[in-house]
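Source: prediction; values computed, not measured.
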Amino acid sequence: DEFHLWVMVWIKNPETGKYLVSQRSADKDTDPLKWETVAGHSIAGDTSLDAALREVFEEVGITLEREKATVLATKVALTCDGFRHNWIRDSYYFETTEEPDLQRATTNEVIQTRWLTVAEIRKMYDHGDCCLNMKDIFGFEDNPVPSNRCDVELPSDDEIYAQIAFQEQFFSGVLIR
């Protein structure tokens, strides 16, 4: 049983406190024209960090420093919507003041980008303008996986509460590196 590795990358401008979001192109098979954070799949030989750094450059033309990566969470799903998926997703956090440059990006997956506050992202999410996984920015306690949708391996209660507390502090700016 092999697992598929994919990543989500949250990029925050430390000067403004805003997060980078991007709008998917109209020709995407899944969620065309929806807003998301950088996300993508690993390729053979990639670590999840390799995939995160590559996806950021491919989609939004930003070069991030490997040493400044913070792993926010790892999720493992065995089945989803009744189908076997076997995926592992690592979520990363980076800070940068570098502006996205879609001319430097090596794919046409993104048609535009914006820097938004968490409140602005929540408003777009609640309006239905974002991919479902964007809700992770609001904290995993606020984002349970429906029991009838995906069979997910969950960490212990202590690990979940520690992760929630960390994310709430991290995304609210309380944690200082």
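- Evaluation of the side-chain contact (heavy atoms from CB on, under 4.5 Å) rule for Glu65 yields Glu67, Lys68 as partners, not counting sequence neighbours.
- Between the side chains of Ser48 and Tyr92, a donor-acceptor pair is found at a separation under 3.5 Å.
- Hydrophobic clustering (side-chain heavy atoms under 4.5 Å, transitive across Ile, Leu, Val, Met, Phe, Trp, Tyr) keeps Ile111 apart from Phe57.
- Once rounded to the nearest 0.5 Å, the distance linking CD of Glu95 with CG of Leu64 reads 11.0 Å.
- A salt bridge links Arg89 to Asp136: at least one charged side-chain nitrogen sits closer than 4.0 Å to a carboxylate oxygen.
- Residues Ile11 and Val56 form a side-chain contact, since some pair of their non-hydrogen atoms from C-beta on lies under 4.5 Å apart.
- Taking CG from Asp129 and CG from Asp31, the interatomic distance works out to 11.5 Å, rounded to the nearest 0.5 Å.
- Under 3.5 Å, the side chains of Trp115 and Glu99 contain a donor-acceptor pair of N or O atoms.
- Counting heavy-atom neighbours within 6.0 Å of Asn108 CG, excluding the residue itself, gives a total of 12 or less.
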- Take Ile88 and Lys75, measure what side-chain contact (heavy atoms from CB on, under 4.5 Å) needs, and give me the verdict at the end. CA-CA 6 Å; Ile88 300 169; Lys75 284 188 175 182; over 6 Å; no
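- Taken from OG1 in Thr16 to CG in Leu116, the straight-line distance is 10.0 Å, to the nearest 0.5 Å.
- Aromatic ring pairs are classed by plane angle as parallel below 30°, tilted from 30° to 60° and perpendicular above 60°; the pair Trp6 and Trp87 is perpendicular.
- Heavy-atom minimum distance, Pro100 versus Thr113: CG-OG1, 3.3 Å.
- Residue Ile43 is found outside any hydrophobic cluster, as its side-chain heavy atoms come under 4.5 Å of no other Ile, Leu, Val, Met, Phe, Trp or Tyr.
- Cluster annotation: Val118 is connected to Tyr125 through the hydrophobic network of ILVMFWY side chains, with a link wherever side-chain heavy atoms come within less than 4.5 Å.
- Under the salt bridge (Lys or Arg N to Asp or Glu O under 4.0 Å) criterion, Asp46 pairs with Arg54, not counting sequence neighbours.
- Rounded to the nearest 0.5 Å, atoms CD (Glu59) and OG1 (Thr37) are 9.0 Å apart.
- How far CG of Leu102 is from CZ of Arg104: 11.0 Å, rounded to the nearest 0.5 Å.
- The closest side-chain heavy-atom distance from Lys34 to Cys130 is not below 4.5 Å.
- The aromatic rings of Tyr19 and Trp10 stand perpendicular to each other, their planes meeting at an angle above 60°, with 30° marking the opposite boundary.
- Under 3.5 Å, the side chains of Asp90 and Thr74 contain a donor-acceptor pair of N or O atoms.
- Leu33 and Trp35 are assigned to two separate hydrophobic clusters, defined by single-linkage of ILVMFWY side chains at heavy-atom distances under 4.5 Å.
- The CE atom of Met134 sits 8.0 Å away from atom CD of Glu36, with the distance rounded to the nearest 0.5 Å.
- Ion pairing of Glu109 with Arg24 is absent here, as no side-chain N (NZ or NE/NH1/NH2) approaches a carboxylate O to less than 4.0 Å.
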